[in-house]
Peer 1: 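One structure, pasted below without further comment.
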There are 2 protein chains.
Amino acid sequence: MTTAVQARTLKTRARLTEAARDVISETGYAAMRVEEVVRRAGVAKGTFFAHFRDKDALMDQLIGERINAIMDDMEQLPPPSSIPALVNALTPLMRFMTCERYVFEIILRHSGAAEKKEVGPIAMTFGRFIEILSPWMKTSHLRQDGSPGMLAEGVQAFMINAMALSFCALHNDTPLEGRLQPYLELWLLPQGKN
Amino acid sequence: MTTAVQARTLKTRARLTEAARDVISETGYAAMRVEEVVRRAGVAKGTFFAHFRDKDALMDQLIGERINAIMDDMEQLPPPSSIPALVNALTPLMRFMTCERYVFEIILRHSGAAEKKEVGPIAMTFGRFIEILSPWMKTSHLRQDGSPGMLAEGVQAFMINAMALSFCALHNDTPLEGRLQPYLELWLLPQGKN
DNA sequence: AATTTTTATTGACCGCGGTCATTTTTCAGT
DNA sequence: ACTGAAAAATGACCGCGGTCAATAAAAATT
């Protein structure tokens, strides 16, 4: 069995992603047009779709790699010792995920894959996120009556909720972090009796 | 000031929404085409966009009215006296919201309005939902260390999380309700000390 | 009843994502 | 080097959402 994929293929794909990154850095994600990308890459339109299933697949890759870069940093952090510290640790990720409404929509759309075979970059980052967060949940000052995994998933759910509200006119006066913190306190540090 | 809107306008709009409802009942939401709707309504394509800002605006209306009908029923229910009962009360809503992936995406996209002026039907239902849920949170057997509003928003966040996972190949073996319940128990009935 | 103004409708047209039969390039076997 | 098969690239074409100047219909003014 010889080289299944030609060197030319890799080069073309690299030119496409590079062109896409350029366009995005100039105009943002939402304004990216496939026709502009292929024009800059110097290839025909059909070539794009020979390399990416659709426009979303390219977005999945580009956004996924950005999320992973942010999580690389997050992974270096010591387990936050307070809720505000936790919120701080999560802020860079939330900042990027809400940098554009379109980006947030792409992320939501790709957060779960319909088929096991097509688990893309963004879907992977959701799994990775839980794995980074779970150990943090074992800290003794947080509640211990739920598995770290479930607590982490709850944090994820509240993050998505807070991010969604940031695009809402009725709530976007409060900054993102401020909206998240009280919920995480209630989730991770329940005070009262029932 | 006389009748600002002509009778003809109302008739045309009714024909359009009725045609849309027909198409959807036959083929589902995702397969609905504006061109098919105007064809059945017997009007030109441009007329559609004189009545609805875009295709999404019509979807907002049609899906919003369905959600409201379900919430009408929900409103008649007595406050659930247990978490399983709460989950049962929420199930019809979740069932509809996840009847199609496309429907769920529309709902997410319209859950918060970017401008106060353009708060649409679906965004309204999100507010209504909190208002229905909040009184339920005052039941004495649930935790009382958070405002009913915040507890209700938490329930909403976990619902969305559970619904999102139902489109995910890695998790869709468990039914919706089963996925929601343990999180609501942890959210509304915290057991341990921190 | 005729004229002007306002409101509703029309359909050709555009932008852009995505397809596919055809052509070009690359590589393996001789 | 030559040849046939496999892989990659091409660009005309399609589907469908959305626009807009032109037209028709209704209401207001004379």
Side-chain angles (χ1 to χ4, degrees), chain A residues 1-20 23-24 26-63 100-103 105-106 109-110 118 120, chain B residues 1-20 23-24 26-63 100-103 105-106 109-110 118 120:
Chain A
M1 160 188 157
T2 53
T3 335
V5 54
Q6 303 179 2
R8 180 173 53 149
T9 306
L10 296 175
K11 203 161 186 176
T12 305
R13 185 166 308 164
R15 287 234 305 285
L16 282 168
T17 54
E18 203 44 53
V23 175
I24 289 167
E26 289 169 24
T27 66
Y29 288 87
M32 193 264 259
R33 299 282 167 267
V34 171
E35 292 189 334
E36 174 66 10
V37 171
V38 296
R39 196 186 62 74
R40 294 206 195 193
V43 300
K45 202 174 183 178
T47 302
F48 180 95
F49 295 97
H51 288 267
F52 303 97
R53 178 204 298 271
D54 51 26
K55 186 183 172 181
D56 263 28
L58 172 61
M59 286 297 180
D60 190 9
Q61 181 185 315
L62 294 179
I63 292 175
E100 283 181 43
R101 195 189 181 102
Y102 175 71
V103 169
E105 274 170 21
I106 293 275
R109 205 180 302 149
H110 289 78
E118 56 186 38
Chain B
M1 160 185 159
T2 52
T3 334
V5 54
Q6 303 180 2
R8 181 174 50 147
T9 307
L10 296 174
K11 203 162 186 176
T12 305
R13 185 165 308 166
R15 286 235 305 285
L16 282 167
T17 55
E18 203 43 53
V23 174
I24 289 167
E26 289 169 23
T27 65
Y29 288 87
M32 194 264 259
R33 299 282 168 265
V34 171
E35 293 189 334
E36 174 67 10
V37 171
V38 296
R39 196 186 62 74
R40 294 206 194 193
V43 299
K45 202 174 182 178
T47 303
F48 181 95
F49 294 97
H51 288 267
F52 303 97
R53 180 205 296 272
D54 50 27
K55 185 183 171 180
D56 263 27
L58 171 61
M59 285 297 180
D60 191 9
Q61 181 185 314
L62 295 179
I63 292 174
E100 283 180 42
R101 195 190 182 101
Y102 174 73
V103 169
E105 273 169 22
I106 294 275
R109 204 181 302 148
H110 289 79
E118 56 187 37

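Every chain is numbered from 1 and lettered A, B, ... according to where its sequence line falls, protein lines coming before strand lines. Predicted model only: the values in this text are computed from it and were never measured.
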Peer 1: Want to settle it: does A/G46 or B/K45 sit nearer the 5' end of DNA chain D, counting the closest nucleotide to each?
Peer 2: A/G46
Peer 1: Taking only N and O in the side chain of B/T47, is any of them less than 4.0 Å away from OP1 or OP2 of C/dA8?
Peer 2: no
Peer 1: Can you check the B/R33 CZ to D/dG17 C1' distance for me, whole Å?
Peer 2: 10 Å
Peer 1: Between atom CZ in A/F48 and atom P in C/dC16, what is the gap in whole Å?
Peer 2: 14 Å
Peer 1: Under the side-chain contact (heavy atoms from CB on, under 4.5 Å) criterion, do B/M32 and B/M59 qualify, and how do the steps go?
Peer 2: CA-CA 10 Å; B/M32 194 264 259; B/M59 285 297 180; 3.6 Å; yes
Peer 1: With hydrogens left out and only the distance checked, is there a donor-acceptor pair under 3.5 Å joining B/K55's side chain and the base of D/dG18?
Peer 2: no
Peer 1: Among C/dG18, D/dG18, D/dT10, which nucleotide sits nearest the side chain of A/D54?
Peer 2: C/dG18
Peer 1: Salt bridge check: are A/R39 and A/E35 linked by an N-O gap of less than 4.0 Å?
Peer 2: no
Peer 1: Between B/R40 and B/E18, does at least one N-O distance fall below 4.0 Å, as a salt bridge requires?
Peer 2: no
Peer 1: Just the rounded figure in Å: distance from P of C/dC14 to CD of B/E35.
Peer 2: 16 Å
Peer 1: When you check the phosphate oxygens OP1 and OP2 of D/dA8, does a side-chain N or O of A/R8 lie under 4.0 Å from one of them?
Peer 2: no
Peer 1: Applying side-chain contact (heavy atoms from CB on, under 4.5 Å) to B/T17 and B/H51, what does each step give before you reach the verdict?
Peer 2: CA-CA 10 Å; B/T17 55; B/H51 288 267; over 6 Å; no
Peer 1: Quick one: A/L16 CG to C/dG17 P, roughly how many Å, whole number?
Peer 2: 14 Å
Peer 1: OP1 or OP2 of C/dA8 less than 4.0 angstrom from a side-chain nitrogen or oxygen of B/H51, does that happen here?
Peer 2: no
Peer 1: For side-chain contact (heavy atoms from CB on, under 4.5 Å), just list the numbers for A/Y29 and A/I106, CA-CA rounded to whole Å, side-chain angles, deciding distance to a tenth of an Å, and then say yes or no.
Peer 2: CA-CA 10 Å; A/Y29 288 87; A/I106 293 275; over 6 Å; no
Peer 1: Starting at atom NZ of A/K11, determine the distance to atom C1' of C/dT25, rounded to an integer number of angstrom.
Peer 2: 15 Å
Peer 1: Rounded to the Å, how far apart are A/M59 CE and C/dG17 C1'?
Peer 2: 12 Å
Peer 1: Between P on D/dA8 and CZ on A/R13, what's the gap in Å once rounded to a whole number?
Peer 2: 9 Å
Peer 1: Rounded to the Å, how far apart are B/R39 CZ and D/dG17 P?
Peer 2: 14 Å
Peer 1: Check whether any side-chain nitrogen or oxygen of A/T12 sits under 4.0 Å from OP1 or OP2 of D/dA8, and answer yes or no.
Peer 2: no
Peer 1: Could you tell me whether A/T9 contacts a base, only the sugar-phosphate backbone, or nothing, with contacts defined as non-hydrogen atoms closer than 4.0 Å?
Peer 2: sugar-phosphate
